[in-house]
Amino acid sequence: MASEAYEPQNTENKFYKIWEQRKYFEIDGNKAIQKEGKNFSLMMPPPNVTGRLHIGHALTFTLQDIITRYKRMDGYKTLWQPGTDHAGIATQNVVEKQLLAEGTTKEALGREKFLERVWAWKEESAGIMTEQLRHMGVSPAWERERFTMDTGLQTSVKKSFVKLYEDGLIIRGNYMVNWCTHDGALSDIEVEHEDHDGKFYHIKYPFADGSGHVEVATTRPETYFGDTAVMVHPDDTRYKDLIGKKIKLPLLKREVTIIADSYVDMEFGTGVVKVTPAHDQNDYEVGKRHNLEFITVFDEKGILNDYAEEFKGLDRLEAREVIVKRLEEEGFIVKIENHKHQVGHCYRCKSVVEPYISRQWFLKKDVAAKSIQKTNDGEAQFFPPHWINSYNSWMGELRDWCISRQLWWGHQIPVFYCDDCDHEFASEEEAPAECPKCKSKNLTQDPDVLDTWFSSALWPFSTLGWGNGEEGQDSLFTQNDMKDFYPNTLLITGFDILFFWVARMMMMGENFNGQLPFNHIYLHALVRDEKGDKMSKSKGNVIDPLDMVEKYSADILRFTLAVSAAQGRDIRMSTEKLEQNRNFTNKLYNASKYLQMNVDTFPDIGTICLTTTLGKYMASRLNFATKEVRAYLDEYKFNDAALTLYKFIWNEFCGWGIELSKADKDSIIELGAIFKEAMKLLHPFMPFITEYLYHELSGTSLEDGDSIMISAYPYKTKKREKEERTFEIIMDAIVSIRRAKVLVDLANQKIEKAFVKIDGISEDEKSMMLPFITRLAKVTDIEFTESTIENAVSDISDTCETFIPTDSIDLTPIITKLTRQDEKLQKEIDKIEKMLGNERFVANAPEDVLTKNREGLADAKAKQVKVQEQLRSLQK
RNA sequence: GGUUCUUUAACUCAGUUGGUAGAGUGAUACCAUGACAUGGUAUAAGUCGGCAGUUCGAGCCUGCCAAGAACCA
């Protein structure tokens, strides 16, 4: 241990390789300390297979690793299941862009070739994310790593689909869906709503008989070609007589009828609404109620069709202006107002999302009923608990989930159509041989794929082998897995995917296994920059976790994230915080260095009997810290657990323990044993430096010995009241003397003589305390006294009084200083008093200047009184 | 518009069932004493967003208000 400071770069990669090679991360990696019947499971939220590690990953995986390492050391059979997600739209988009750059398209390539291409890209890119993860020092069971489209998981997806299909819970139908002209059908949560400064167009709709017109207000004039009615509120006296009258649509020959429906808001707009059932969610409902015709006016790419007559061929968004201009020319526009409204955008490509009628597959909302009930019965518990409110408010409005996607990359829907008899059936087989109805061999599979979240929804149990078939048995999963690890003990993820993912896992897990998939669900917050802004590439305030690992270390980044992770609160990341924790690792290194200057190697605490008072005291304090850290970790209060360790090690162990040991060298070997134990306690947070120091102090090496990561996590022992009390007094006396020294400006300098008055302690105790107080208070000669000492600077604290006799110290410098201060203050007082005594100044100066001076005078006077008091006491 | 969260020392944040308000950074003064200046010692600093209520007692519980954020319409 020669270098001045700890060098993480030399150890982190080396240790990680050894850990992984020795299979410590696997479920039986801690076999030696496993206790019967204690199982812990946690599924890693699978990052996108083509993704790159960002600070949000760093947070979530750090927290997951802390709990995993804690449980592993605590004797649990531990599964932290790793894997990656195929991320349908995202991945397909990336490859499509690559093709575009090469001057080709996926259509030109064909489905099969395109998928080969995506698989190739996946293979090339997949290792990057998991490799980056390793730099964080995380410890998932890598040998079981899964991919949401690997063979076994494809099988489980088919199995679950077919089951749901046969139970009538998956249906196909023509419904209005959220349609992205780029990415196809989206589920409700894949649409982001944003405020948009739009226009409110007031358009004349003439009566067919030429007897006049009504005024219709709309934000979407380009859809009026699909109008199949005009509606008013049945109670609206203004329009009562118009109900049933015919309207001739502007510029068109088509006629529609005025209908009455209470959906209309009489207060809003003109009270007359155009009804476009095929292009508006509400109009869709109205259309169904009134049996209206559904006219679709643009195709799936958003291009206007024949119904738009002269505007055919235009994109629906570009067409708006053209159409309005034409209507204006023909005198149909009454006025155009500014209007703020919400517009939905695709969460992936940000295109404007259209309500669009399309034939899609849906998972009926009925699937979720039991999971909602059980969640509210407390079968799964949220951390922080308020998230159940959000969960419920979403689940309360749950609609059927549109699970089909017009993509090629993903799980192709296992539904087949018979080309001969039109029979439709679902099958787990890759290519069913014949139609079960007519035995025809001409079958076509549905071309769509499943929403990515469908396979993710199975993650808590599909990775345990559920529905996997033979593939991967005894390598990727074992037959005991479902029994040992379902329900998962814990889920740690971001609140932003509560609905996308968590809610879906709850419904699927309950549906297929009769139990919710998690006992505990911890939702962490967002990592922001130091100003509290969201990190984004466009703002340029992104902190790259790998840069931080490089510049500081994985340990430091991890600890910084953990100590900042207060439940329900966003994290502000800053270099200041990272530096503070770098200082902490430096402290650890130097504490260790001190211990080794005195003793070569240290035993484990369990193998020795503590004999020194200081050793017993520090052990008692370690016990307290252990109790707290465990309690906080059990409640997922990562910040409190980390802070407890920080304070214990820095303030108690280094600040007091090490300093006190300088007066009792026999205690150092015991302190070393305690420090090693503290390294175990800290290990889940800072896996590398703790491993390093543990071996340094033990005189062993990771290469030739067992890792700290599979040693038993410290357990609370006992509180030692007597030693705690003794050192409370010792430390109190030391602080008291130090305070007294500050009074005479001697701060941390060594002085000759001081008296200490402590009531109610024996002579033995006094002689035991004496060396500690002498050393740390830096006094050559300490004398215990029963009475108050005259002619001394004194300090009174909770348990003692201390005195520094004024004749034992050279008071000249402090007296000189105080005298100078007194003179300076007097000058200032004179000056201000003279000013304030000047009538013209008082009359003319602004009020705030006067106030400022009056306050200044009062301050100076108060200060002078104190200075003079001190001078008097010193000059006695 | 609805729901949820946040508001505590100059800054960043803790504060477990209601019982004398805590940490780190920063500030001030001092200390190169054999682990560490990425250090040490000591000090100062808060009507806990506002108002009202419950209570012997409220940062914490209840209601209203204000400001900010997120999510959903």
Side-chain angles (χ1 to χ4, degrees), chain A residues 1 4-6 188-189 191-195 281-282 341-342 344 382 384-394 396-397 494-499 523 525-526 528 530-534 552 556 560 563-598 628 631-632 634-635 637-644 646-647 650-651 653-659 661-662 668 671-672 675 734-750 775-778 795 813-814 817 821:
Chain A
M1 204 186 265
E4 279 297 305
Y6 171 62
D188 291 338
I189 42 177
V191 180
E192 293 171 346
H193 294 272
E194 260 175 53
D195 271 332
Q281 182 65 49
N282 295 314
H341 62 125
Q342 287 275 328
F382 284 98
H386 71 254
W387 281 110
I388 195 162
N389 297 331
S390 298
Y391 171 84
N392 277 329
S393 71
W394 169 257
E397 295 171 18
F495 65 84
D496 49 328
I497 52 175
L498 178 59
F499 310 126
L523 295 167
L526 224 59
R528 296 166 175 279
E530 51 202 316
K531 293 190 211 108
D533 291 332
K534 251 185 186 169
Y552 297 94
I556 290 167
T560 304
V563 83
S564 313
Q567 275 182 26
R569 201 149 179 157
D570 285 345
I571 293 173
R572 290 196 187 188
M573 199 61 192
S574 65
T575 51
E576 204 175 78
K577 284 181 182 161
L578 287 161
E579 273 165 23
Q580 184 187 337
N581 294 314
R582 178 202 56 195
N583 296 353
F584 182 50
T585 56
N586 187 244
K587 195 74 178 171
L588 295 173
Y589 182 81
N590 282 300
S592 180
K593 201 161 82 177
Y594 166 80
L595 293 168
Q596 287 205 301
M597 276 172 44
N598 295 280
E628 287 213 307
Y632 286 137
D634 289 340
E635 295 175 4
K637 294 191 170 174
F638 298 95
N639 57 325
D640 288 319
L643 195 64
T644 298
Y646 184 96
K647 287 203 277 194
W650 198 308
N651 300 340
F653 188 87
C654 295
W656 285 110
I658 286 188
E659 292 307 321
S661 78
K662 290 170 184 172
I668 292 177
L671 289 193
F675 188 76
I734 292 164
V735 171
S736 179
I737 294 172
R738 284 169 176 171
R739 249 196 320 257
K741 289 203 299 188
V742 169
L743 284 178
V744 288
D745 214 16
L746 286 167
N748 215 17
Q749 288 177 53
K750 192 152 187 151
R775 169 89 196 196
L776 270 70
K778 290 188 186 131
D795 180 86
I814 178 65
K817 191 185 155 192
Q821 224 174 338

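Proteins get letters first, then strands, A, B, ... in listed order; numbering begins at 1 in each. What's counted below: heavy atoms across the whole structure, side chains too, no hydrogens, waters or symmetry copies.
Among rA73(B), rU16(B), rA35(B), the nucleotide with an atom closest to any side-chain atom of W394(A) is rA73(B). Closest to the N389(A) side chain, of the nucleotides rA14(B), rA23(B), rU4(B), is rU4(B).
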Check against side chain to side chain contact (heavy atoms under 4.5 Å, CB included), I388(A) and H386(A): CA-CA 5 Å; I388(A) 195 162; H386(A) 71 254; over 6 Å; no
As a quick check of understanding, evaluate side chain to side chain contact (heavy atoms under 4.5 Å, CB included) for Y632(A) and T644(A), giving each step before the final call. CA-CA 9 Å; Y632(A) 286 137; T644(A) 298; 3.4 Å; yes
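The aromatic rings of F382(A) and Y391(A) are tilted relative to each other, their planes meeting at an angle between 30° and 60°. The aromatic rings of W387(A) and F495(A) lie parallel to each other, their planes meeting at an angle below 30°, with 60° marking the opposite boundary.
Residue order along RNA chain B, read from the 5' end via each residue's closest nucleotide, puts M597(A) first among F584(A) and M597(A).
The P atoms of rG18(B) and rG26(B) are separated by 37 Å, rounded to the nearest whole Å. Atom name C1', nucleotides rU16(B) and rU41(B): the rounded distance is 33 Å, in whole Å. Taking atom P on both rU25(B) and rU43(B), the two are 16 Å apart, rounded to the nearest angstrom. rU7(B) sits 27 Å from rA44(B) when the P atoms are compared, rounded to a whole Å. Comparing the P positions of rG15(B) and rG49(B) gives an interatomic distance of 14 Å, to the nearest angstrom. Of the C1' atoms belonging to rA32(B) and rG40(B), the separation is 11 Å, rounded to the nearest Å. Taking the P atoms as reference points, rU6(B) lies 13 Å from rC13(B), given to the whole Å. Straight-line distance between the C1' atoms of rA27(B) and rG63(B): roughly 41 Å, to the nearest whole Å.
Per the geometry, CD belonging to Q567(A) stands 13 Å off C1' belonging to rA14(B), to the nearest Å. At whole-Å resolution of the value, CG in N590(A) and P in rU38(B) are 11 Å apart. The CG atom of N651(A) sits 19 Å away from the P atom of rA14(B) (whole-angstrom rounding). Rounded to whole Å, the distance from CG on L498(A) to C1' on rA70(B) is 13 Å. Residue R738(A) contributes atom CZ, which lies 11 Å from atom P of rU43(B) at whole-angstrom precision. Between the P atom of rU43(B) and the CD1 atom of I737(A) lies a distance of 14 Å, rounded to the nearest Å. The distance between atom CG of N583(A) and atom P of rA37(B), rounded to the nearest whole Å, is 11 Å. Per the geometry, CG belonging to L671(A) stands 14 Å off P belonging to rA35(B), to the nearest Å.
Put simply, CG on N586(A) and CG on N590(A) are 5.0 Å apart, with the number rounded to the nearest 0.5 Å.
Counting only heavy atoms from C-beta outward, the side chains of Y594(A) and K662(A) approach each other to under 4.5 Å.
Contact annotation for E579(A): no contact, since no heavy-atom pair falls under 4.0 Å across all strands. Contacts of A591(A) with the nucleic acid, taken as non-hydrogen atoms under 4.0 Å apart, include base atoms. Residue contacts shown for D640(A) are limited to sugar-phosphate atoms, with no base heavy atom under 4.0 Å away. As judged by a 4.0 angstrom heavy-atom cut-off over every strand, V735(A) is placed among residues touching the sugar-phosphate backbone only. Residue-level contact check: R582(A) touches the bases, meaning some heavy atom is under 4.0 Å from a base atom. At a threshold of 4.0 angstrom between heavy atoms, the contacts of K577(A) are confined to the sugar-phosphate backbone, with no base atom among them.
Nucleotide rU12(B) has rA23(B) as its partner under the Watson-Crick or G-U criteria, with both atom distances under 3.5 Å. Of all nucleotides present, none satisfies the Watson-Crick or G-U wobble test against rU55(B) with each distance under 3.5 Å. Across all strands shown, rU47(B) has no partner, as no Watson-Crick or G-U wobble contact with both distances under 3.5 Å is found. Across every strand in view, rU3(B) sits in a pair with rA70(B) that passes the Watson-Crick or G-U test at under 3.5 angstrom. Nucleotide rC30(B) forms a Watson-Crick or G-U wobble pair with rG40(B), both donor-acceptor distances falling under 3.5 Å. When both pairing distances are held under 3.5 Å, rC60(B) makes no Watson-Crick or G-U pair with any nucleotide shown. Pair assignment for rU17(B): none, as no Watson-Crick or G-U wobble contacts are both less than 3.5 Å.
Between the side chain of K593(A) and the base of rC36(B) there is no donor-acceptor pair of N/O atoms closer than 3.5 Å.
Taking side-chain N and O atoms only, K778(A) has no distance below 4.0 Å to OP1 or OP2 of rG40(B). Using a 4.0 Å cut-off, some side-chain N or O of R572(A) falls inside it from OP1 or OP2 of rC13(B). For rU6(B), neither phosphate oxygen OP1 nor OP2 lies less than 4.0 angstrom from any side-chain nitrogen or oxygen of R569(A).
Taking each heavy atom of L498(A) and S390(A) in turn, the nearest pair found is CD2-CB, 4.1 Å. The shortest non-hydrogen separation linking G494(A) to L523(A) is O-CD2, 3.8 Å. The two residues S564(A) and K577(A) have their closest heavy-atom pair at OG-CD, 4.1 Å.
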Check nucleotides 25-27 of chain B for protein N or O atoms closer than 3.5 Å to its own N or O atoms and list the pairs.
none

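Looking at Y552(A) and T560(A), their side chains never bring a donor and an acceptor atom within 3.5 Å of each other.
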